[in-house]
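Scroll down for the structure; my scribbles are underneath it.
Start at 1 and go down the list; that is how both ligands and their atoms are numbered.
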Amino acid sequence: MKIQDIHSQPLIEVGILSREKLDFVLHSSHKVIGYQEDGSERIEYGSVPQGSYSCTCEDGLIQFENKTFASLSFEPESDSGRFSLNNVRIGIEFHWEQELQQCFEGALLIKTENKHLLAINRIALERYLYSVIASEMNAEASTEFLKAHAVISRSWLLAQLGTNIQTEADMEKKADSPPMGSDFRPGQAAAVKPGAHKTKQTDPKGQTERIRWYEREAHTLFDVCADDHCQRYQGILEAETPQVKTALRSTEGMVLCSDEDICDARFSKCCGGLTESFESCWADTKMPYLVSKPDRIPAPDRNTYADLTSFILGNPPSFCNTDNQAVLKQVLKDYDLQTGDFFRWTVSYSVEELSDLFKQRSGLDLGLLSDMEALERGGSGRIVRLKITGSKGSLILGKELEIRRCLSKTHLYSSAFVVEKVLDKQGNVRQFVLHGAGWGHGVGLCQIGAAVMAEQGYTFKQILEHYYPNTQIKKLYGF
Ligand SMILES: [Zn+2]
Ligand SMILES: [Zn+2]
């Protein structure tokens, strides 16, 4: 996305959930607009009063009040209009997975996908960001940290949207055309596919490699999902948080740029002491601002981190090496605070346990595992290519998320780990102990490190400069 493509605040579409039957509550009157078929005429269904409603999916179409539609939108008739969805799952497949009831502002769009109904929330970007930042972080976080986060959340989103953005002005112009975009087809595939990925399967020297990375471009029916795959979005939050509002207002329309491009400003919970470079986690493309560097100012001598094994096994000083509960509370919600051991962590498996787990998670049977060896590590120590050997063969697995996914029931905290093999008296491996560092991919801003920086008096500009070298801050819209 180029900065000159954006002149006013865009509207974005957030995929919230997918169900065979959708139950929702409208808290005020909403205007209902439907399309009976793709490309067909828009039907002004009229206004519906506040109350509970439901839709079902039949033959790939939406049934609503005994009528059939290909897509529907419920638009609030007042600015304060709200709707609620029940049983919204968050943290899908991660250790904090749970279901919540959530309330949203803006429009509710319903589309169909693979015999399921998709609930989508269309909302103005700055309001979406308000929720994302307050959902991702405790609202008590310091202002400079929240401002830094506002800029990167906005940049990341705009960078992902590509050229398909719509503004409120566009919406008015396009009132007579389908709101879903011209490529919308009822039953169209692949809106939320956590398994969507790029795979690079090579076979040098008879060795099978499965190198995968997971990209956001899996979404076709909406812009972003509401889970950690994109950015965690929980609709309207119970308490309004003036700190987050202030952070958004004072950075309104500001993005991080690399020349004329809006930065793909990635971030994660805790880098572990060194941030990771983009190409260690995703496509083999170097990004000038997503490079590996120490999470410290001033940066120590390069040789300090020459040995990544002792770095991971050690306790190096770093912004994110903190047990300051007050700071951690700023960044982590209650359910995340249960994860206390993010900077350095340990996970142990018996050989049988890990062999079964790997088979189940990867769909590949290597028999009883006997060895795991890091063939390639990124700058932060995260393993990019891991050789796994078992009684039935071996495999090279990558990149970081695929490794985390295949070696844990949920996900390992990170792929920066050192493997310790515990042997029995006969010299057979009995146990694998993984000694790890950091939480998440480690690329870009380290949330815990950034919160500590803000606490130490760094400004949001200094924080962004530290985590995204070679970038500038530009203002696209707002006052
Ligand atoms: Zn997503
Ligand atoms: Zn860090």
Rounded to 10°, the SG/Cys225 to the Zn ion (ligand 1) to NE2/His219 angle comes out at 110°
Under the criterion ring-ring contact (aromatic ring centres under 6.0 Å, His included), which of Tyr458, Phe460, Phe319 is the partner of His466?
Phe319
Taking NZ, NE, NH1 and NH2 as the nitrogens, is one of them in Arg249 or Glu252 under 4.0 Å from a carboxylate oxygen of the other?
no
I'd like to know if the side chain of Lys474 and the backbone of Cys257 have a donor-acceptor N/O pair within less than 3.5 Å.
no
Near the Zn ion (ligand 2), which protein N/O/S atoms are found at less than 2.8 Å?
Cys271 SG, Asp295 OD2, Cys320 SG, Cys446 SG
Please determine if Lys461 and Glu465 form a salt bridge, counting it only when a charged side-chain N lies under 4.0 Å from a carboxylate O.
no
Using a strict threshold of under 4.0 Å (side-chain N to carboxylate O), is an ion pair present between Arg385 and Glu209?
yes
Please list, chain by chain and in numerical order, all residues satisfying side-chain hydrogen bond (donor to acceptor under 3.5 Å, both in side chains) with Asp264, sequence neighbours excluded.
Gln160, Arg266
